[in-house]
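Remember, it's 1-based here, ligands and their atoms both numbered in the order they're listed.
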Amino acid sequence: MAWDPQAYAAHAAFVPALGNAAFELLGAVAGERVLDLGCGDGVLTSRIAAEGAEVVGIDADPAMVAAAVEKGVNARLGDGRRLTFAGEFDAVFSNAALHWMGDPAPVVAGVFRALKPGGRFVGEFGGHGNIAAIRVAVRAVLAARGYRVPAAEENYYPTAPEYRVALEAGGFVVDGCWIVPRPTPIASGMAAWLQTFRGGFIDAIGVPAAERAQVIEDTRAMLRPILADGAGNWTADYVRLRFAAHKPE
Ligand code: BEZ
């Protein structure tokens, strides 16, 4: 799906802001070379660079790459499933991006190739059960309106054992792999969240532009008793998969 950097900055600033645990787990060291895989608009990439690391950001969305470059990030367009780097990074970092890349095998293989011996792969993304209530509600609303929703999920949300197997199959030694439930306050409200993060999915199902707002409103109404409190404050049912692994020497 295509991203709108302005909408992302307005409604999704919590994504890099809540990337602190992954950032700390990376523990970037001055002088080392780091690849930020799925760097988005470069907010966390800039933080890694501020530690003194030499960071390259890569993202599949041209508008997000442009937004990162505007922040002074060395960012480039690229597909995480077809990385072409070879033995040049001390670490590969990724926050809230791997779930968009699907099958982990080509991603893990490309990261492994990109790292120097001993290099680390550290990050966080959506884990098993991520935004489950939201996903079910979007599907239920679309089905009720007569749309055929594919049975397969559009994002990759593995369990910790599943991702550990994927990392090990790619040659990594796994230092840790955890599921971390992270209920996440959504300050902009559920309609803005759905517009930002599920708009592409709703379009891809074939919903005409004129009907999109009603799909979002019906989904918001279905979720209200589940994810909003009495005062109307929304909390999304995020679940993170956090991991640290390294390439053997
Ligand atoms: C996330 O887990 O970061 C996420 C997944 C899908 C849509 C929005 C956010």
Side-chain angles (χ1 to χ4, degrees), residues 1-23 25 36-45 57 59-61 63-64 67 80-81 93-104 107 122-142 149-150 152-160 162-163 166 177-205 207 212 215-216 219-220 222-223 226-227 234-243:
M1 76 177 250
W3 295 98
D4 171 350
Q6 276 181 343
Y8 196 87
H11 304 303
F14 65 87
V15 176
L18 295 177
N20 206 43
F23 174 83
L25 195 58
D36 184 358
L37 176 56
C39 66
D41 60 3
V43 172
L44 268 179
T45 330
D59 201 277
D61 188 277
M64 293 300 246
R81 298 163 300 183
F93 172 80
S94 187
N95 181 58
L98 296 172
H99 48 256
W100 297 107
M101 299 180 202
D103 178 9
V107 180
V122 174
E124 191 174 289
F125 63 106
H128 187 67
N130 191 43
I131 54 168
I134 300 175
R135 283 154 55 205
V136 171
V138 172
R139 283 169 171 268
V141 166
L142 289 169
V149 184
E153 261 300 323
E154 64 282 11
N155 291 121
Y156 171 61
Y157 298 132
T159 64
E162 281 166 352
Y163 200 58
C177 189
W178 315 270
I179 284 285
V180 184
R182 194 200 65 195
T184 300
I186 304 297
S188 295
M190 188 47 66
W193 189 99
L194 290 164
Q195 178 68 35
T196 305
F197 289 112
R198 294 290 88 173
F201 176 71
I202 292 167
D203 290 351
I205 295 294
V207 176
R212 189 207 253 209
V215 167
I216 287 176
T219 309
R220 194 195 69 81
M222 185 178 283
L223 285 167
I226 314 297
L227 296 181
W234 288 88
T235 301
D237 49 341
Y238 277 70
V239 176
R240 304 287 86 188
L241 189 147
R242 194 174 297 153
F243 66 94

Those atoms of ligand 1 less than 4.0 Å from some heavy atom in W193: 8 (C)
Give the atoms of ligand 1, by number and element, whose distance to some non-hydrogen atom of R198 is under 4.0 Å. 6 (C), 7 (C)
Is there at least one pair of N or O atoms, one from N130 and one from ligand 1, spaced under 3.5 Å apart? yes
With respect to R240, determine whether any N or O atom, backbone or side chain, lies less than 3.5 Å from an N or O atom of ligand 1. yes
Between the CD1 atom in I226 and the CH2 atom in W234, the distance rounded to the nearest 0.5 Å is 9.5 Å
Nearest-neighbour protein heavy atom for [atom], which is reported as residue plus atom name and distance:
atom: atom 5 (C) of ligand 1; result: Y157 OH, 3.2 Å
atom: atom 4 (C) of ligand 1; result: H99 NE2, 3.6 Å
atom: atom 8 (C) of ligand 1; result: F197 CD2, 3.2 Å

Do [X] and [Y] have side chains that approach each other closer than 4.5 Å (heavy atoms only, starting at C-beta)?
X: I131; Y: Y157; value: yes
X: L194; Y: I134; value: yes
X: R240; Y: N130; value: yes
X: L37; Y: F93; value: no
X: R212; Y: R198; value: no

Should the proximity of Y238 to ligand 1, defined as any heavy atom under 4.0 Å, be assigned to the side chain, the backbone, both, or neither? side chain
